[in-house]
Amino acid sequence: MICASDIEATLLSMADERQAQQLLRFFKTAPGQYGEGDRFIGLRNPQVRMVVKKVWKDTLLPEAEKLARSPLHEIRLCGLLIMVEQYLRAMKKKDQAEMSGIFESYLELYPYINNWDLVDLSAIKIVGNHEVLNPDITLMDEWIKPEGHTLWQQRIAMVSTWMLTRKGIIGKCMDRAKFLLTSPHDLLHKAAGWMLREVWKKGYRDELRDFLEANVVGMPSVMLCYACEQMSVEERHEWQSKRKLIYKR
């Protein structure tokens with residue numbers, strides 16, 4: 001078995017200070033920004049994935065959890081991606097106990113899943129798949145609510161609907177997107193718009209049109225822009241014009 005400390009040492013040996021400085025700016029780590037205080041060692045996602053590919057089969061879940069609790073962004077990402085690979089393996093084996101164990105561990109780690117890439121690269125495959133396989137789970141319907149939940153919990157709840165939509169379960173996406181219409185966070189508007197766009201791409205076009213008709217009055221511009229991205233230019237402009245007309249009243 002491979003220890004978390006050995007994996008961390010491998011990642012640290014690849015550190016690039018110049019690239020770390022670029023990532024600090026890219027992930028908005030300055031005071032008052034969404035990634036305030038995060039720390040980077042300067043690795044790109046493909047570099048982290050290369051390490052994950054070599055170690056995930058021989059890394060126990062508690063060791064992956066240690067990585068996911070690191071103060072260093074790329075090491076947290078490595079731990080989360082190891083958990084993703086292990087969840088997908090458990091899915092193939094139809095090992096419900098292992099899947100549930102990884103899912104529960106992931107939920108406990110939410111304070112460390114605190115930037116959009118960490119969320120998007122892990123929540124879809126772990127939480128999304130688990131919701132598909134366990135339709136009685138409703139925790140994400142609570143996490144999407146702003147009261148008592150962080151920006152990142154809400155984003156986890158929103159992007160996890162991607163897997164549900166792929167399986168034709170689109171109601172969750174619509175319901176959760178409604179909670180983000182009045183959110184002050186641009187990252188949540190983008191997440192909701194992205195998931196609504198997936199509804200369109202999977203062929204539920206009238207359903208998305210109905211959602212927009214009912215909610216365009218209060219929809220943030222970036223959410224609408226993302227949601228309409230796959231539409232024809234004419235229809236996209238029509239929805240944008242509706243929103244502009246409403247706001248001019």
Please step through side chain to side chain contact (heavy atoms under 4.5 Å, CB included) for the pair R39 and L24, ending with a clear verdict. CA-CA 7 Å; R39 295 164 56 191; L24 285 172; 5.8 Å; no
Does L43 reach the side chain of H73, with side-chain heavy atoms less than 4.5 Å apart? no
Residues at least two apart in sequence or cross-chain that pass side chain to side chain contact (heavy atoms under 4.5 Å, CB included) with Y112, listed by chain then number, are R69, R76, L109
Side-chain (E8) to main-chain (I75) donor-acceptor, under 3.5 angstrom: no
SG on C78 to CE on M83, rounded to 0.5 Å: 12.0 Å
Is the shortest side-chain heavy-atom distance between L107 and E104 below 4.5 Å? yes
Summary of side-chain hydrogen bond (donor to acceptor under 3.5 Å, both in side chains) pairs that have at least one residue in residues 51-63, sequence neighbours excluded: E63-K66
What is the distance from atom CD of Q96 to atom CG of N134, rounded to the nearest 0.5 Å? 4.5 Å
Main-chain N/O of S221 paired with H189 side-chain donor or acceptor, under 3.5 Å: no
Roughly how far, to the nearest 0.5 Å, is CD of E131 from OG of S160? 4.0 Å
Could you tell me whether a side-chain N or O of Q47 sits under 3.5 Å from a main-chain N or O of R44, the two making a donor and an acceptor? yes
Are N114 and L151 close enough, and set up right, to give a side chain to side chain contact (heavy atoms under 4.5 Å, CB included), and what steps lead you there? CA-CA 8 Å; N114 57 355; L151 155 66; over 6 Å; no
Approximate separation, where rounding is to 0.5 Å, of H237 NE2 and W239 CH2: 14.5 Å
Please name the pair of heavy atoms, one in L196 and one in F211, separated by the smallest distance, quoted to 0.1 Å. CD1-CE2, 3.6 Å
Nearest 0.5 Å, please: how far is CG in L212 from CE in M231? 5.0 Å
Contact summary for S122 and Y106, nearest pair of heavy atoms: OG-OH, 2.7 Å
Is any side-chain heavy atom of R89 closer than 4.5 Å to one of E98? yes
Are the charged groups of E235 and K242 less than 4.0 angstrom apart, N to O? no
Is there a side chain to side chain donor-acceptor pair (under 3.5 Å) between Q154 and T150 once you walk through the steps? CA-CA 6 Å; Q154 289 182 281; T150 67; over 6 Å; no
Between D120 and R155, is the closest basic N to carboxylate O distance under 4.0 Å? yes
From V199, V159, L164, L208, residue fulfilling side chain to side chain contact (heavy atoms under 4.5 Å, CB included) relative to C173: V199
For a 4.5 angstrom cut-off between non-hydrogen side-chain atoms, does V119 reach I124? no
Is a side-chain donor-acceptor pair under 3.5 Å present for E198 with T165? no
Hey, mind stepping through Y226 and M195 against side chain to side chain contact (heavy atoms under 4.5 Å, CB included) and telling me if it holds? CA-CA 9 Å; Y226 274 49; M195 292 303 107; over 6 Å; no
Verify same cluster id: L60, L67 (apolar side-chain graph, 4.5 Å): no
From the list M223, R197, R236, side chain to side chain contact (heavy atoms under 4.5 Å, CB included) partner of C228 resolves to R236
Taking all non-hydrogen atoms of both residues into account, name the closest pair between L224 and Q240 and its distance. CD2-CA, 4.1 Å
Would you call D141 and K172 a salt bridge, using N to O less than 4.0 angstrom? yes
Which atoms form the tightest heavy-atom contact between A157 and W143, and what is the distance? CB-CB, 4.0 Å
Of all heavy-atom pairs linking E36 and A30, the shortest is CB-O, 3.6 Å
Between Q230 and K201 (side chain of the first, backbone of the second, donor and acceptor by atom type, cut-off under 3.5 Å), is there such a pair? no
Start with the C-alpha gap between E85 and I82, add the side-chain angles, then the distance that decides, and say whether side chain to side chain contact (heavy atoms under 4.5 Å, CB included) holds. CA-CA 5 Å; E85 294 299 329; I82 289 171; 5.9 Å; no
Quick one: are L121 and N45 in side-chain contact, heavy atoms under 4.5 Å? yes
So, for H185 and Y34, is the gap between ring centers shorter than 6.0 Å? no
So do the side chains of W152 and N115 get within less than 4.5 Å of each other, counting heavy atoms only? yes
Please confirm whether F27 and F40 have ring centers closer than 6.0 angstrom. yes
With side chains defined as the heavy atoms from C-beta onward, is the minimum distance between L188 and M158 less than 4.5 Å? no
Any side-chain heavy-atom pair from Y87 and H130 closer than 4.5 angstrom? yes
Is the side chain of D6 donor-acceptor paired with the backbone N or O of I2 at a distance under 3.5 Å, no angle test? no
Residue pair H149 / E142: nearest heavy atoms and the distance that separates them: CE1-O, 2.9 Å
For the NZ atom on K93, are there more than 12 heavy atoms of other groups (residues, nucleotides or ligands in this structure) within a distance under 6.0 Å? yes
Rounded distance [0.5 Å steps], CG in L80 versus CD1 in I126: 7.0 Å
